[in-house]
Engineer: 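Once you've had a glance at the structure underneath, I'll fire off some questions.
Not measured: the values here are computed from a predicted model. This chain uses plain numbering: 1 for the first residue, then up along the sequence.
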Amino acid sequence: MAVKIDKKIKGYSVLTPEDKAREAAPPVQAESISRAKAEAELPKADIIHMHERIERPEVLVGSTYKIKSPLVEHAMYVTINDIVLNAGTEHELRRPFEIFINSKSMEHFQWIVALTRIMSAVFRKGGDVTFLVDEMKAVFDPRGGYFKAGGVYMPSLVAELGAIVEEHMKSIGLIHDPEMSDHQRAILAEKRKQYEDRAKKNSEVTPPPIPSPAQAGEDARRAEGGALGAGPSSTTNTPGASEDIAVTGDGASFPPSATLCHKCSTKALVIMDGCATCLNCGYSKCG
């Protein structure tokens, strides 16, 4: 039997006996089910997330940090308490719950109480609370900031509080700080060694300065006074003395003439081979 095709053939398939039997079979009516019932039958894990309806337990774990700032007379102690959610399960999570600041100094009492209450409310609200770190570290004091031990610059007292909150969140796993690779650490250690070797070489090559006549007369008078028992002679620092690597705190040693690095806010930026290089984080202006 010939069949005339009036339209363009776009595709074809071979019809097998199994296809014919499937088409001849009566359709099977599938049982309909509501979406709510289907979601109810799905397995659910009993995971508790942080929200404002969670009541405070009788005991909380936490940490206390000390702030010794030149802007205040007495030290400040910052306590951050954490709540442990889903304890003993694979979904265990530690979240900050409240913050307190205590100090002998009462001049900042009002804004400290207001700040800690607002921060504690944000902690208990849940969600992503890491934005507090960026907001607090961006506060600048109009009178100027200060340097912490180790040469780290703090633009204000609130910024140092933000740095403490950041350190605490890193310790409980809320913030993950990208660490330097072994290759970067090796390069940084090599640069620091090069700078120290260059400083030692300059101190060996630089000749001792020739004292001026006035300085020579002053040294003679001091020597004469020491011989007469007037007192021991004192050593005078000359401006031509070489610069040594000085320990600036927290176990970090940087040259006294180092400038502030805008990347890590540490006073560790030196000039090496005509290029500004940070001895703390490895930043280089030349790439």
Engineer: Which heavy-atom pair separates Ser171 from Tyr65 by the least distance, and what is that distance?
Structural biologist: OG-OH, 4.3 Å
Engineer: Please find the pair of heavy atoms, one from Met154 and one from Ala163, that lie closest to each other, and give the distance.
Structural biologist: CE-CB, 3.7 Å
Engineer: Decide yes or no for Arg95 and Val129: does some side-chain heavy atom of the first lie under 4.5 Å from some side-chain heavy atom of the second?
Structural biologist: yes
Engineer: Is any side-chain heavy atom of Val165 less than 4.5 Å from a side-chain heavy atom of Met119?
Structural biologist: yes
Engineer: I want to check something: taking the side chain as every heavy atom from C-beta on, are Asn81 and Val61 in contact at a cut-off of under 4.5 Å?
Structural biologist: no
Engineer: Would you say the side-chain atoms of Tyr77 pair up with the backbone N or O of Ile101, donor to acceptor, closer than 3.5 Å?
Structural biologist: no
Engineer: Who pairs with His74 by side-chain hydrogen bond (donor to acceptor under 3.5 Å, both in side chains), at least two apart in sequence or on another chain?
Structural biologist: none
Engineer: Just by distance, do the side chain of His108 and the backbone of Ser105 share a donor-acceptor pair under 3.5 Å?
Structural biologist: no
Engineer: For residues Lys68 and Ala75, report the shortest heavy-atom separation together with the two atoms involved.
Structural biologist: CD-CB, 3.7 Å
Engineer: What residues, two or more places apart in sequence or in another chain, satisfy side-chain hydrogen bond (donor to acceptor under 3.5 Å, both in side chains) together with Arg53?
Structural biologist: none
Engineer: Could you walk me through whether Leu93 and Val84 satisfy the side-chain contact (heavy atoms from CB on, under 4.5 Å) test, starting with their C-alpha distance in whole Å, then the side-chain angles of each, then the deciding distance to 0.1 Å, before giving a yes or no?
Structural biologist: CA-CA 6 Å; Leu93 182 64; Val84 180; over 6 Å; no
Engineer: Within the side chain of Glu92, is there an N or O that forms a donor-acceptor pair under 3.5 Å with the backbone of Gly88?
Structural biologist: yes
Engineer: Less than 4.5 Å apart, any side-chain heavy atom of Leu115 and any of Leu161?
Structural biologist: yes
Engineer: After noting the C-alpha distance and the side-chain angles of Val158 and Lys137, does the key distance pass the side-chain contact (heavy atoms from CB on, under 4.5 Å) rule?
Structural biologist: CA-CA 7 Å; Val158 176; Lys137 291 176 69 174; over 6 Å; no
Engineer: Could Glu166 and Lys170 be called an ion pair, given the rule that one side-chain N must be under 4.0 Å from one carboxylate O?
Structural biologist: yes
Engineer: Is there a side-chain contact between Pro96 and Phe123, using heavy atoms and a 4.5 Å cut-off?
Structural biologist: yes
Engineer: Scan side-chain atoms only and decide if Asn86 and Thr89 contain a donor-acceptor pair under the 3.5 Å cut-off.
Structural biologist: no
Engineer: So which atom in Asp82 and which in Leu60 form the shortest heavy-atom distance, rounded to 0.1 Å?
Structural biologist: O-CD2, 3.3 Å
Engineer: Step by step, would you call Leu71 with Tyr146 a side-chain contact (heavy atoms from CB on, under 4.5 Å)?
Structural biologist: CA-CA 8 Å; Leu71 301 181; Tyr146 54 91; 3.6 Å; yes
Engineer: Check whether any side-chain heavy atom of Met76 lies under 4.5 Å from a side-chain heavy atom of Lys66, and answer yes or no.
Structural biologist: no
Engineer: Less than 4.5 Å apart, side chain to side chain, heavy atoms only: is that true for Pro57 and Ile83?
Structural biologist: yes
Engineer: If every non-hydrogen atom of Leu157 is compared with every non-hydrogen atom of Ser69, which pair is closest and at what distance?
Structural biologist: CD1-CB, 3.9 Å
Engineer: Compute both the distance and the angle, then confirm whether Arg124 meets the cation-pi test with Phe97: under 6.0 Å from the six-membered ring centre, within 45 degrees of the axis.
Structural biologist: yes
Engineer: So, Glu98 and Arg56, do they make that salt bridge, N to O below 4.0 Å?
Structural biologist: yes
Engineer: Does a sphere of radius 6.0 Å around CD in Glu90 hold more than 12 heavy atoms from other residues, nucleotides or ligands, not counting ones at 6.0 Å or beyond?
Structural biologist: no
Engineer: Does any part of the side chain of Ile54, heavy atoms only, come nearer than 4.5 Å to the side chain of Met50, both counted from C-beta?
Structural biologist: yes
Engineer: With sequence neighbours excluded, what pairs up with Thr64 under the side-chain hydrogen bond (donor to acceptor under 3.5 Å, both in side chains) test?
Structural biologist: Thr79
Engineer: Would you say Lys125 has more than 12 foreign heavy atoms packed within less than 6.0 Å of its NZ?
Structural biologist: no
